[in-house]
Each structure stands twice: as C-alpha cells, then as structure tokens.
Amino acid sequence: MAGYYFLVSQLPSLGNIGEKSAMPMSESAFIELCSRYMSEKEKSVLQNLSLVPPRDTKDTGSVFLNTWYQKERDLRLALAQIRAQKMKKDAFILPGSCTADIQQTARTAVGMDSPLSAEQFLYEYRLKLLDELTPIDGFSTDAVYAYGIRLMLVSRMKKFDGEKGITAYHQIYNSILGQD
C-alpha cells in the first residue's frame with residue numbers, strides 16, 4: 001500500500017482536458033504504470049476495468065467498483081426502458097437499485113434532440129457520479145480504479161467528433177434515399 005503514494009503522484013491530471021488537447025496518458029500506459037505497484041489480484045481487477053459493467057452482478061473485491069458498476073448498469077437499463085417506451089415496445093421493470101436521479105437522467109438524455117448532446121450530458125452525469133463515489137483517501141486502490149474509470153470516460157468522449165458525425169449522418173441519410 002505504501003507504493004500508492006508514489007503511484008498516484010505520477011498520474012497526470014485529467015481535470016481540464018479540452019476537446020482538442022491530447023490525452024496526458026493512454027489507458028495502456030496507465031495499466032502498465034499501475035502494474036508496477038499493485039498486487040496480482042489488484043492488477044487483474046485493473047486490467048478488467050471497463051465502462052461497460054458486467055451483465056451479472058459479481059463482486060470485484062472493491063466496494064467502489066461494485067457500486068460504480070451497479071449505478072452504470074442501472075443507468076443503462078433506465079435508458080433502455082425509456083427508449084423501449086418511446087418505441088411503444090414492451091418495457092421491463094427496473095431493479096430496485098435504480099434511483100430517481102438515474103431515471104431522471106435517462107429521461108433527460110433520451111429527450112435530447114442531438115445524440116452528441118445526450119452523450120455529453122451523460123458524460124457530465126457520470127463524472128459527477130464518479131466524484132461522489134471516489135473515496136476520500138486519494139492514495140487507495142479504489143482511488144486508482146476511479147482514476148482508471150475517469151481516464152476511460154475522458155478518452156471515450158475525445159473520440160466524438162461533431163463534423164465527422166454530421167458527415168457520416170448525411171452519407172447514411174443520402175444512401176437511404178438513393179442519392180449517393
């Protein structure tokens with residue numbers, strides 16, 4: 001555990017990464033750096049970090065990750081339920097762990113006109129949730145996992161490009177109309 005002070009102090013800030021700025025660290029560099037300091041069990045958990053929670057609830061060995069994955073799973077289920085209702089499909093009952101704020105967030109995101117705006121809204125919600133769940137002890141294993149999740153979120157959002165999205169949309173739309 002003493003090594004986490006040195007590990008965390010080496011991690012670059014992810015606070016103000018703009019749309020055009022480069023990522024301060026890649027996910028693979030992060031995992032490689034962390035693997036020098038973590039136990040085999042912790043490295044295994046770290047290497048399995050994902051923005052997509054496991055379908056079935058299973059213990060990761062981390063209270064933080066278990067809670068994060070449950071909240072993300074609930075958000076995805078709420079989004080699916082609201083989309084199904086909009087398409088007049090059979091909806092399912094949400095699990096009891098799906099809180100009112102998650103349901104409201106899903107309703108707001110689904111109601112947005114632009115998919116990019118919805119993604120940005122969900123990104124901000126996820127960052128806020130991550131801040132709430134991240135342990136106070138900034139040098140703990142869970143703090144390292146939280147940094148990894150934040151790095152993945154930032155990296156994912158940097159891949160969105162509005163101009164490329166509009167171009168792709170017009171290409172798809174024109175191909176449907178037969179106006180290649």
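Since the structure is predicted, the reported quantities are computational estimates derived from the model, not experimental observations. One-based numbering along the sequence shown.
- Legend: residues meeting side chain to side chain donor-acceptor pair (under 3.5 Å) with Ser44, ordered by chain and number and at least two apart, are absent.
- Contact of the Thr99 side chain with the Lys71 side chain is registered, since non-hydrogen atoms from C-beta on lie closer than 4.5 Å.
- Note: Phe121 CZ to Thr108 OG1 = 4.5 Å, rounded to the nearest 0.5 Å.
- Using a 4.5 Å heavy-atom cutoff, the side chains of Met25 and Leu33 are in contact.
- Of the possible donor and acceptor atoms, none in the side chain of Tyr145 sits under 3.5 Å from a partner among the backbone N and O of Ser140.
- Using a 4.0 Å cut-off between charged nitrogen and carboxylate oxygen, Glu72 and Arg76 count as a salt-bridge pair.
- Counting non-hydrogen atoms of neighbouring residues, nucleotides and ligands closer than 6.0 angstrom, the CG atom of Asp131 exceeds 12 such neighbours.
- No side-chain heavy atom of Tyr37 sits less than 4.5 Å from a side-chain heavy atom of Lys43.
- Between Leu130 and Ala146, the shortest heavy-atom contact is CD2-O, 3.8 Å.
- Side chain of Ser155 to main chain of Leu151: no donor-acceptor pair is present (N/O by atom type, distance under 3.5 Å, no hydrogens or angles).
- Side chains of Thr134 and Asp142 form no contact here, defined as non-hydrogen atoms less than 4.5 Å apart.
- Lys58 and Asn66 make their closest contact through O-OD1, 3.7 Å (heavy atoms, listed as atom of the first residue, atom of the second, distance).
- Rounded to the nearest 0.5 Å, atoms CG (Leu127) and CZ (Arg150) are 5.5 Å apart.
- To the nearest 0.5 angstrom, Ile149 atom CD1 is 6.5 Å from Trp68 atom CH2.
- Hydrophobic cluster membership is shared by Val154 and Leu116, with clusters built from Ile, Leu, Val, Met, Phe, Trp and Tyr side chains linked at under 4.5 angstrom.
- Of all heavy-atom pairs spanning Ala143 and Pro135, the tightest one is N-CG, 3.8 Å.
- Across every non-hydrogen atom of Asp59 and Gly61, the tightest pair is OD1-N, 3.1 Å.
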**Message:** If you apply the rule side chain to side chain donor-acceptor pair (under 3.5 Å), what do you find for Asp74 with Gln70, and how did you get there?
**Reply:** CA-CA 6 Å; Asp74 290 346; Gln70 185 60 53; 2.9 Å; yes
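- The salt bridge (Lys or Arg N to Asp or Glu O under 4.0 Å) search around Lys89 returns none, not counting sequence neighbours.
- Of all heavy-atom pairs spanning Ala78 and Ala106, the tightest one is CB-CB, 3.7 Å.
- Note that the CD atom of Glu119 and the CD atom of Glu124 stand 12.0 Å from one another [nearest 0.5 Å].
- Contact of the Leu46 side chain with the Phe30 side chain is registered, since non-hydrogen atoms from C-beta on lie closer than 4.5 Å.
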**Prompt:** Would Gln120 and Tyr125 satisfy side chain to side chain donor-acceptor pair (under 3.5 Å), going step by step from the backbone distance to the final call?
**Reply:** CA-CA 9 Å; Gln120 289 169 331; Tyr125 173 79; over 6 Å; no
**Item:** Test side chain to side chain contact (heavy atoms under 4.5 Å, CB included) applied to Gln103 and Cys98, step by step
**Value:** CA-CA 7 Å; Gln103 293 175 36; Cys98 192; 3.8 Å; yes
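- In plain terms, the two heavy atoms of Tyr123 and Leu153 that are nearest each other are CE1-O, 3.6 Å.
- Atoms CG and OG1, on Leu79 and Thr105 in that order, are 9.0 Å from each other to the nearest 0.5 Å.
- Residues Val63 and Leu129 are members of separate hydrophobic clusters, defined by side-chain heavy-atom contacts under 4.5 angstrom among Ile, Leu, Val, Met, Phe, Trp and Tyr.
- Panel note: side chain Ser62, backbone Leu65; a donor-acceptor pair is recorded below 3.5 Å.
- Listed for the Arg73 side chain is a donor-acceptor partner under 3.5 Å among the backbone atoms of Pro54.
- With contacts defined as side-chain heavy-atom distances shorter than 4.5 Å, the pair Leu75/Arg126 qualifies.
- Taking CE from Met87 and CZ from Arg83, the interatomic distance works out to 9.5 Å, rounded to the nearest 0.5 Å.
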